[in-house]
Amino acid sequence: RRVLFRSHIEHQLAGGRTLADIRRNEAEFQRALVPVKAAIEEQCCPTELVFWDRALPDSISYFRAAGLDPSPLFALCRLRRYAHVFVFDTLPYVQDGARIEDPETRLCLDQWLEDDYRALGYEPVRVPAMPIADRERLVLARLGLISEE
């Protein structure tokens, strides 16, 4: 599956909007992503192994960053449960038009993501910044899909 918010942006661009138009109002952008995320997650089979780059509960944190009240999202985020939640430590950041957060906002988002998943009853596993192959092994081992070495 494509990265959700990038797919949303690509869909909007295909419809004739410019990147500047799409990201001009961050609150509007974040509100628009919620039903898109919910619909995509609803289509997934509950027994299928799926990795989400940005799951629905992430919207709680992104609402905070956009200055929106995230409280209405908590009930929606409790409708679906995930078997595991991983929060990846940040890597060097490349601002590319799709990602627009400044360094301070990125730090806040990192903490909010962990805090918001905890508020939803999850125990997120922190994945440190390390080579991708090592991150992959850590996640797969934690899921019991490979042996820990």
Side-chain angles (χ1 to χ4, degrees), residues 1-91 93-101 105-106 108-129 132-147:
R1 296 184 193 269
R2 303 248 332 136
V3 175
L4 180 68
F5 83 99
R6 290 192 187 275
S7 293
H8 178 70
I9 289 172
E10 289 169 6
H11 178 74
Q12 296 291 312
L13 291 170
R17 294 185 71 195
T18 67
L19 192 55
D21 289 338
I22 296 165
R23 296 308 296 258
R24 178 172 295 130
N25 183 327
E26 189 62 17
E28 178 185 306
F29 178 74
Q30 293 302 328
R31 279 190 200 105
L33 282 178
V34 171
V36 173
K37 287 179 183 179
I40 290 171
E41 289 192 23
E42 186 62 33
Q43 293 172 11
C44 287
C45 174
T47 58
E48 180 184 3
L49 179 63
V50 177
F51 293 91
W52 297 105
D53 177 39
R54 287 284 169 236
L56 190 54
D58 291 28
S59 290
I60 294 169
S61 303
Y62 280 87
F63 265 46
R64 289 183 207 290
L68 297 168
D69 175 13
S71 57
L73 294 177
F74 279 89
L76 180 62
C77 292
R78 286 188 175 99
L79 293 176
R80 244 189 137 82
R81 298 295 295 172
Y82 309 104
H84 302 274
V85 172
F86 297 91
V87 176
F88 287 71
D89 286 348
T90 58
L91 297 173
Y93 185 80
V94 177
Q95 203 159 11
D96 64 0
R99 298 220 182 255
I100 61 168
E101 297 84 14
T105 302
R106 286 193 309 274
C108 289
L109 280 166
D110 182 62
Q111 188 59 56
W112 289 335
L113 286 164
E114 186 170 348
D115 293 347
D116 290 334
Y117 274 97
R118 287 187 190 286
L120 290 167
Y122 294 101
E123 287 297 324
V125 174
R126 268 284 172 186
V127 179
I132 292 171
D134 294 339
R135 283 180 157 197
E136 179 183 21
R137 275 191 298 280
L138 187 152
V139 169
L140 294 176
R142 186 67 123 166
L143 295 175
L145 299 174
I146 63 171
S147 64

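Side-chain atoms are counted along with the backbone in the values below, which use heavy atoms only and exclude waters and symmetry mates. If you're wondering where the values come from, they're calculated on a predicted model, not measured in any experiment.
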Can you tell whether the side chains of Asp21 and Arg24 come within less than 4.0 Å, N to carboxylate O? yes

Tell me, do [X] and [Y] make a side-chain contact under 4.5 Å, heavy atoms counted?
| X | Y | value |
| --- | --- | --- |
| Trp52 | Cys44 | yes |
| Leu56 | Leu79 | no |
| Phe51 | Leu143 | yes |
| Asp110 | Val87 | yes |
| His11 | Val36 | no |
| Thr90 | Arg106 | no |
| Lys37 | Asp58 | yes |
| Leu33 | Phe29 | yes |

Straight-line distance of [X] [atom1] to [Y] [atom2], nearest 0.5 Å:
| X | Y | atom1 | atom2 | answer |
| --- | --- | --- | --- | --- |
| Leu113 | Phe88 | CG | CZ | 12.5 Å |
| Ile60 | Phe74 | CD1 | CZ | 4.0 Å |
| Thr105 | Arg64 | OG1 | CZ | 14.0 Å |

For a quick test of reading the model, state the closest non-hydrogen atom pair linking [X] to [Y] and the distance between them.
| X | Y | answer |
| --- | --- | --- |
| Arg78 | Ala119 | NH2-O, 3.6 Å |
| Ile9 | Leu19 | CG2-CD1, 3.8 Å |
| Arg135 | Ala129 | NH2-CA, 3.3 Å |
| Asp69 | Phe63 | O-CD2, 3.7 Å |
| Ala65 | Leu109 | CB-CD2, 4.0 Å |
| Leu120 | Pro57 | CD1-CB, 3.6 Å |

Residue pairs, two or more places apart or on separate chains, that pass side-chain hydrogen bond (donor to acceptor under 3.5 Å, both in side chains) and touch residues 79-89: Glu41-Tyr82, Asp89-Arg126

